[in-house]
S.K.: 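The structure is given below, and queries will be raised subsequently.
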Protein chains: 2
Amino acid sequence: MHQPVNRNAMLYIDRPPERHRLVQKLQSITELTAEERQALLDLPMTVRSYTRGEDIVRGGGIPSECCLILDGFACRYKLLPDGRRQIMAFHTPGDLPDLQSLHIQTLDHSVGAMMPTLAAFIPHASMRTLTARFPGLMHAFWRDTLIDAAVFREWLIGIGRRDAHERIAHLICEMLLRFRGVELAPDNTFRMPATQGDIADALGLSNVHVNRVLQDLRRDKLITWGNYTVSVLKWDELQKRALFDATYLHQVSRAAA
Amino acid sequence: MHQPVNRNAMLYIDRPPERHRLVQKLQSITELTAEERQALLDLPMTVRSYTRGEDIVRGGGIPSECCLILDGFACRYKLLPDGRRQIMAFHTPGDLPDLQSLHIQTLDHSVGAMMPTLAAFIPHASMRTLTARFPGLMHAFWRDTLIDAAVFREWLIGIGRRDAHERIAHLICEMLLRFRGVELAPDNTFRMPATQGDIADALGLSNVHVNRVLQDLRRDKLITWGNYTVSVLKWDELQKRALFDATYLHQVSRAAA
DNA sequence: CGCACTTTTGATCGATGTCAAGTATGGTGG
DNA sequence: CCACCATACTTGACATCGATCAAAAGTGCG
């Protein structure tokens with residue numbers, strides 16, 4: 001996350017197959033017409049690949065493109081001057097982590113890859129043309145940024161008023177539902193390519209404490225967590241322990257447990 | 001904050017004088033044309049007044065109006081089942097705390113008054129007409145929600161990775177700049193109608209600890225805090241202690257200290 | 001004047017951080 | 001295919017920030 005922004009490894013694919021994830025993601029939070037779906041698939045994009053620790057977008061800059069996660073796993077984070085790191089969001093395929101750059105000049109945080117990740121870049125101009133032509137998509141994007149904010153608020157509650165066990169359980173609940181939204185959580189199992197240190201930086205804890213809490217959750221057979229793969233074994237009890245209420249995700253359809 | 005939503009005390013004013021605060025607020029984050037300013041002033045709104053502790057908007061509902069703070073002071077908060085409260089934002093005159101309800105059905109948190117507060121309600125339909133007619137205003141509103149999200153992220157960092165002294169100093173820095181944006185902080189002094197318990201719920205601390213930290217800041221002559229009025233005496237040093245960087249507020253013009 | 005709320009103070013406790021060492025684990029090059 | 005290295009995970013001992021509890025002292029308001 002502290003190395004120079006990706007240099008080589010740049011390949012130009014006009015229509016990467018993972019592109020449909022954007023459609024899928026938007027459909028998980030709103031309704032789309034066939035034309036809108038097609039317009040999304042037709043967006044011009046430049047694709048680059050990143051490895052763990054690389055910055056996909058560097059904070060402080062003035063971006064001229066929006067970034068779309070096609071495959072892999074990314075996070076938004078910010079560093080304090082003395083190196084403390086706060087991860088503010090995890091991003092799964094289909095997410096547009098810096099959509100805000102369309103309307104806010106300087107990016108106030110960075111986006112980093114947490115595993116080998118494929119990211120597409122869409123020129124702001126194309127986004128503006130698209131939203132001008134399809135008001136439905138403009139609303140979809142606006143809605144997406146609003147849900148983004150809702151997730152931040154929920155994290156705020158978590159870090160501010162939940163204890164370590166509740167926080168970690170809550171994060172697992174959230175990730176499970178979000179992965180389900182893009183059909184990446186068959187069998188209540190999903191890839192969670194974050195180290196315990198990453199989780200700690202996301203939840204305002206120390207890596208050591210994250211480790212201990214995870215051991216508790218595993219001992220109680222609520223989850224499995226290993227090899228960057230999480231399985232939720234007892235969804236109801238996990239939700240209860242997390243004080244989890246999915247309203248804030250504002251998903252239009254949510255597969256039942 | 002736990003009493004029934006305001007019942008009586010409802011007065012219908014077509015053009016309350018405080019209405020210009022909305023223009024002022026939007027101008028602090030974007031440029032407006034004369035027509036856009038006029039259109040904002042012409043918005044139909046119903047005005048109600050609230051006292052400390054009353055809910056202006058109740059979470060869980062499906063609002064059909066947007067709420068605008070005309071005068072006073074409000075906060076957005078959410079309660080955990082066991083009564084723990086997290087305040088997620090403070091709102092000053094000119095703010096639209098539930099603008100998101102335009103695009104997200106159910107409101108996932110509440111808005112409460114922290115002092116006698118005047119709030120105006122603008123029907124969603126009017127907002128939609130307005131934004132359809134003035135794309136510039138649509139962008140202004142979108143931008144506002146994005147800045148909202150940026151502030152949440154900054155709070156996230158604060159609660160997650162700053163210690164109590166940094167958090168409190170940071171909050172004071174933020175409030176000062178935001179009040180300046182609507183010209184409510186002459187002489188680096190502003191009204192902060194929050195009890196120490198409120199501050200604690202906003203920053204993820206206990207009221208006792210907030211008290212002790214405030215005493216430190218006063219002892220060091222960085223601020224004055226009393227009678228719900230805050231004066232910043234040593235802006236530079238306060239910023240330093242808070243590790244404060246105003247970028248995230250995305251204000252277009254920021255009066256110098 | 002009294003009540004409700006807030007601020008302040010002191011004493012104690014506990015969740016979580018820090019430090020340090022040891023143990024997997026996976027990738028790389030020889 | 002193995003040895004090695006870097007990274008991540010695990011464990012234990014100990015430190016500390018901030019929570020909790022309780023009570024006193026202000027403050028404002030009817």
Side-chain angles (χ1 to χ4, degrees), chain A residues 1-3 51-54 73 80 82-87 112-116 158-169 191-219 223-230 241, chain B residues 1-3 51-54 73 80 82-86 112-116 158-169 171 191-219 223-230 241:
Chain A
M1 225 74 68
H2 312 131
Q3 298 129 38
T51 62
R52 170 169 172 88
E54 277 185 315
F73 201 69
L80 289 181
D82 62 1
R84 280 174 283 178
R85 177 176 67 148
Q86 176 68 42
I87 290 178
M114 311 193 66
M115 64 179 291
I159 297 185
R161 287 293 177 227
R162 281 187 239 262
D163 68 25
H165 284 258
E166 291 164 345
R167 278 183 227 183
I168 292 180
R191 300 260 315 154
M192 181 71 200
T195 67
Q196 295 180 0
D198 294 332
I199 303 293
D201 281 346
L203 300 181
L205 299 167
S206 69
N207 55 353
V208 175
H209 205 63
V210 167
N211 181 279
R212 296 194 160 116
V213 172
L214 281 180
Q215 289 182 51
D216 289 346
L217 292 178
R218 281 185 293 213
R219 182 173 28 72
I223 61 160
T224 276
W225 180 302
N227 219 341
Y228 300 101
T229 301
V230 181
R241 197 173 290 201
Chain B
M1 222 75 67
H2 313 133
Q3 298 127 38
T51 62
R52 170 170 171 86
E54 276 185 317
F73 200 70
L80 289 183
D82 62 2
R84 281 174 284 178
R85 177 176 66 149
Q86 176 69 41
M114 311 193 65
M115 64 179 291
I159 297 186
R161 287 293 177 227
R162 279 187 240 263
D163 68 26
H165 284 256
E166 291 165 344
R167 277 183 228 184
I168 291 180
L171 177 64
R191 301 259 314 153
M192 182 72 203
T195 67
Q196 296 180 1
D198 294 332
I199 304 292
D201 282 346
L203 300 181
L205 298 167
S206 70
N207 55 353
V208 174
H209 204 64
V210 168
N211 181 279
R212 295 192 161 117
V213 171
L214 281 180
Q215 290 182 50
D216 289 346
L217 293 178
R218 282 186 294 214
R219 183 172 29 71
I223 61 161
T224 276
W225 180 303
N227 219 343
Y228 300 100
T229 301
V230 181
R241 197 173 291 200

S.K.: Determine the minimum heavy-atom distance between I159(B) and G204(B), stating which atoms define it.
M.R.: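 Where I159(B) meets G204(B) most closely, the heavy atoms are CD1-N, 4.4 Å.
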S.K.: Considering just the side-chain nitrogens and oxygens of Q215(B), establish if one lies under 4.0 Å of OP1 or OP2 belonging to dT9(C).
M.R.: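 For dT9(C), OP1/OP2 do have a side-chain N/O of Q215(B) under 4.0 Å.
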S.K.: For the residue pair P193(A) and M115(A), what are the closest heavy atoms and their distance?
M.R.: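 Nearest pair, atom of P193(A) first, then M115(A): CG-SD, 3.1 Å.
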S.K.: May I have the distance from M192(B) (atom CE) to dT6(C) (atom C1'), rounded to whole angstrom?
M.R.: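 Atom-to-atom, M192(B) to dT6(C), this comes out as 15 Å.
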S.K.: For the backbone of T229(A) and the side chain of N227(A), can you confirm whether one donor and one acceptor N or O come within less than 3.5 Å of each other?
M.R.: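 Not a single qualifying donor-acceptor pair exists.
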S.K.: What closest approach, in Å, do A200(A) and S206(A) show between heavy atoms, and which atom pair accounts for it?
M.R.: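 Distance-wise, the nearest heavy atoms are CB-C, 3.5 Å.
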S.K.: Could you work out how much the helix from dC1(C)-dG30(D) to dG30(C)-dC1(D) bends, comparing the axis of its first five pairs with that of its last five, to 10°?
M.R.: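 Terminal axis comparison yields 40°.
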S.K.: Kindly give the heavy-atom pair with the smallest separation between I199(A) and A194(A), and that separation in Å.
M.R.: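 Looking at all heavy atoms of both residues, the shortest contact is CD1-CB, 3.9 Å.
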S.K.: Please report, rounded to the nearest Å, how far the P atom of dT8(C) is from the CH2 atom of W225(B).
M.R.: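 From W225(B) CH2 to dT8(C) P: 11 Å.
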S.K.: Using a 3.5 Å distance criterion without hydrogens, assess whether the side chain of R241(B) forms a donor-acceptor pair with backbone atoms of H165(B).
M.R.: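 Judged by distance alone, no pair lies under 3.5 Å.
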S.K.: Find every protein N or O atom lying less than 3.5 Å from an N or O atom of nucleotides 14-22 of chain D, and list the pairs.
M.R.:
from    : atom 1 : to      : atom 2 : distance (Å)
dG18(D) : OP1    : A164(B) : N      : 3.0
dG18(D) : OP2    : H209(B) : NE2    : 3.4
dA19(D) : OP1    : S206(B) : N      : 2.8
dA19(D) : OP2    : S206(B) : N      : 3.1
dA19(D) : OP2    : S206(B) : OG     : 2.7

S.K.: In whole Å, what is the span from the CD atom of E166(A) to the C1' atom of dA15(C)?
M.R.: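 Taking CD of E166(A) and C1' of dA15(C), I get 13 Å after rounding.
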S.K.: Indicate whether OP1 or OP2 belonging to dT10(D) is found under 4.0 Å from a side-chain N or O atom of Q196(A).
M.R.: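 Indeed, a polar side-chain atom of Q196(A) lies that close.
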S.K.: Would you mind telling me which of Q196(B), Q86(B), R85(B) makes a side-chain hydrogen bond (donor to acceptor under 3.5 Å, both in side chains) with D201(B)?
M.R.: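 Of all the options given, the one that passes is R85(B).
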S.K.: Can you confirm whether R167(A) sits close enough to V213(A) that some side-chain heavy atom of one is under 4.5 Å from a side-chain heavy atom of the other?
M.R.: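 SC-SC contact between R167(A) and V213(A) ruled out.
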S.K.: Quick one: do F73(B) and M192(B) satisfy side chain to side chain contact (heavy atoms under 4.5 Å, CB included)? Show the steps, please.
M.R.: CA-CA 8 Å; F73(B) 200 70; M192(B) 182 72 203; 4.1 Å; yes
S.K.: Give one of base, sugar-phosphate or nothing for R218(A), where a contact means two heavy atoms less than 4.0 Å apart.
M.R.: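 Sugar-phosphate, no base atom in range.
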S.K.: Does a nitrogen or oxygen in the side chain of N211(A) sit under 4.0 Å from OP1 or OP2 of dT10(D)?
M.R.: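 Result: yes.
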S.K.: Hey, which of these two, N227(A) or V213(A), hits DNA chain C nearer its 5' end, going by closest nucleotide?
M.R.: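 It is V213(A) whose nearest nucleotide is closer to the 5' end.
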S.K.: What's the CZ-P distance between R52(A) and dG26(C), to the nearest Å?
M.R.: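 To the nearest whole Å, that distance equals 15 Å.
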S.K.: Starting at atom OH of Y228(A), determine the distance to atom P of dT7(D), rounded to an integer number of angstrom.
M.R.: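 The distance from OH of Y228(A) to P of dT7(D) comes to 12 Å, rounded to the nearest Å.
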S.K.: Please report the distance, rounded to the nearest Å, between CZ in R84(A) and C1' in dT18(C).
M.R.: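 It works out to 14 Å between those atoms.
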